[in-house]
Amino acid sequence: MPLAIGLTQAAVSTGDTSMSPSIFNSICSRVEWCRREVLDAVLELAVEIAREGREGLRIGTLFTLGHADAVLSHSRPLILDPLSGHEPTATHVTDANLRGTVKELAQLDGAFVVSETGIVVAACRYLDASVEDIDLPLGLGSRHLAAASVSQRLGTIAIVVSESAIVRVFYAGELVAEIIPELWLLHQHRSRLRGRVSEQHTQDLAIFTADERRPAPADEGAARADSDLDEALEESFPASDAPSWTPVVGVKTKAAS
């Protein structure tokens with residue numbers, strides 16, 4: 001079931017981006033080999049990159065999770081691999097030193113390849129992508145196309161960090177989740193999820209879920225999503241009252257002599 005998830009302002013201010021225990025069960029339940037603790041670790045790292053950027057600049061990157069050997073055989077290195085030859089314990093996605101390294105390497109082009117067990121086996125990989133049978137929402141670029149393609153052809157989970165600070169999750173060629181790290185981005189972001197959307201709050205997350213049981217036209221679903229997002233934003237950021245005076249426009253004054 002597709003999800004649109006916004007980390008609330010409290011999570012942003014405290015730096016707490018840990019995932020709720022139940023949120024991504026719907027993703028792992030589709031994938032026999034998926035390990036929740038590994039998926040959560042990669043998603044948390046992706047959210048950190050989306051929130052922090054690097055040196056004050058927004059950056060985008062891509063992670064593939066699972067079927068690492070197949071991904072390597074369907075990709076090529078863009079540079080000499082800086083993660084090659086290290087002990088697996090030093091390149092596990094939960095290792096603090098590795099996470100800092102990944103954030104540095106995320107400034108370079110290419111994808112990170114992560115095994116089912118959480119080992120980051122390669123960085124800066126160019127993925128062979130195909131547009132065949134890929135139905136991406138308009139406005140998503142080549143990084144998202146590569147993620148959708150590799151998830152469809154190789155059965156991986158692909159996680160994209162957009163330069164607009166949104167994290168998107170692909171599986172079987174489909175966009176299955178969006179994570180919006182900062183609540184104020186909800187006002188600027190129109191969700192790519194399709195269909196009727198319902199709202200749920202859990203811990204410090206606001207979750208907007210596409211309701212597959214009640215299909216609706218795309219336009220109706222988009223309008224409902226926009227309405228739900230506006231209501232959530234209004235609760236957190238109430239609109240200012242209108243000024244009591246009437247603004248005067250188009251009046252010119254003569255400069256003093």
- Run the side-chain contact (heavy atoms from CB on, under 4.5 Å) check on Val167 and Ile49 step by step: do they pass? CA-CA 9 Å; Val167 178; Ile49 293 172; over 6 Å; no
- Message: Would Val113 and Thr156 count as a side-chain contact (heavy atoms from CB on, under 4.5 Å) here? Give the steps.
- Response: CA-CA 10 Å; Val113 181; Thr156 69; over 6 Å; no
- His67 and Glu116: CA distance, side-chain angles, deciding distance, side-chain contact (heavy atoms from CB on, under 4.5 Å) verdict: CA-CA 7 Å; His67 302 304; Glu116 292 93 334; 3.8 Å; yes
- Query: When you look at Leu45 and Phe63, which way does the side-chain contact (heavy atoms from CB on, under 4.5 Å) test go after all the steps?
  - Reply: CA-CA 10 Å; Leu45 180 55; Phe63 297 87; 4.1 Å; yes
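For the atom pair Arg58 CZ and Ser162 OG, the distance stands at 10.0 Å (nearest 0.5 Å). How far OG1 of Thr94 is from CZ of Arg99: 8.0 Å, rounded to the nearest 0.5 Å. With rounding to the nearest 0.5 Å, the separation of NE2 in His92 from CG in Asn97 is 14.5 Å. Distance check: Leu65 CG to Tyr171 OH gives 11.0 Å after rounding to the nearest 0.5 Å. Considering CZ of Phe112 and CG of Leu62, their distance stands at 10.0 Å, rounded to 0.5 Å.
Nearest heavy atoms, Leu145 versus Ser130: CD1-O, 4.2 Å. Of all the heavy atoms in Asp95 and Ala90, the pair that sits closest is OD2-O, 4.2 Å. The shortest non-hydrogen separation linking Cys34 to Leu39 is SG-CD2, 4.0 Å.
The shortest distance between side-chain heavy atoms of Arg35 and Thr117 falls below 4.5 Å. You'll find the side chain of Leu105 reaches within 4.5 Å of the side chain of Leu83, heavy atoms only. Here the side chains of Arg153 and Asp128 are in contact, with some heavy-atom distance below 4.5 Å. Contact check for Ile157 versus Val176: no side-chain heavy atoms found under the 4.5 Å cut-off. Taking the side chain as every heavy atom from C-beta outward, Ile134 and Gln152 approach each other to under 4.5 Å.
Cluster membership for Val160 and Val131, using ILVMFWY side-chain heavy atoms within less than 4.5 angstrom, is shared. In the hydrophobic clustering of this structure, Leu43 groups with Trp33; members are Ile, Leu, Val, Met, Phe, Trp, Tyr whose side-chain heavy atoms approach within less than 4.5 Å, directly or through other members.
At most 12 heavy atoms of other shown residues, nucleotides or ligands fall within 6.0 angstrom of atom CD in Glu32.
Just one of Thr64, Val71, Asp69 meets the side-chain contact (heavy atoms from CB on, under 4.5 Å) condition when paired with Leu154; it is Val71.
At least one donor-acceptor pair under 3.5 Å links the side chain of Gln107 to the backbone N or O of Glu104. In this structure a side-chain-to-backbone donor-acceptor pair under 3.5 Å is missing from Thr61 to Val161. When atom types are taken as modelled, the side chain of Ser151 and the backbone of Gly173 share a donor-acceptor pair closer than 3.5 angstrom.
Thr101 is linked by a side-chain hydrogen bond (donor to acceptor under 3.5 Å, both in side chains) to nothing, counting only residues two or more places apart in sequence or in another chain.
His144 and Arg168 form a side-chain donor-acceptor contact under 3.5 Å, judged by distance and modelled atom types alone.
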Under 3.5 Å, sequence neighbours excluded: what are the donor-acceptor pairs made by side chains of residues 118-127?
{"residue": "Arg125", "atom": "NE", "partner": "Ser75", "partner atom": "OG", "Å": "3.1"}
{"residue": "Arg125", "atom": "NH2", "partner": "Leu72", "partner atom": "O", "Å": "3.0"}
{"residue": "Arg125", "atom": "NH2", "partner": "Ser75", "partner atom": "O", "Å": "3.1"}
{"residue": "Arg125", "atom": "NH2", "partner": "Ser75", "partner atom": "OG", "Å": "3.2"}

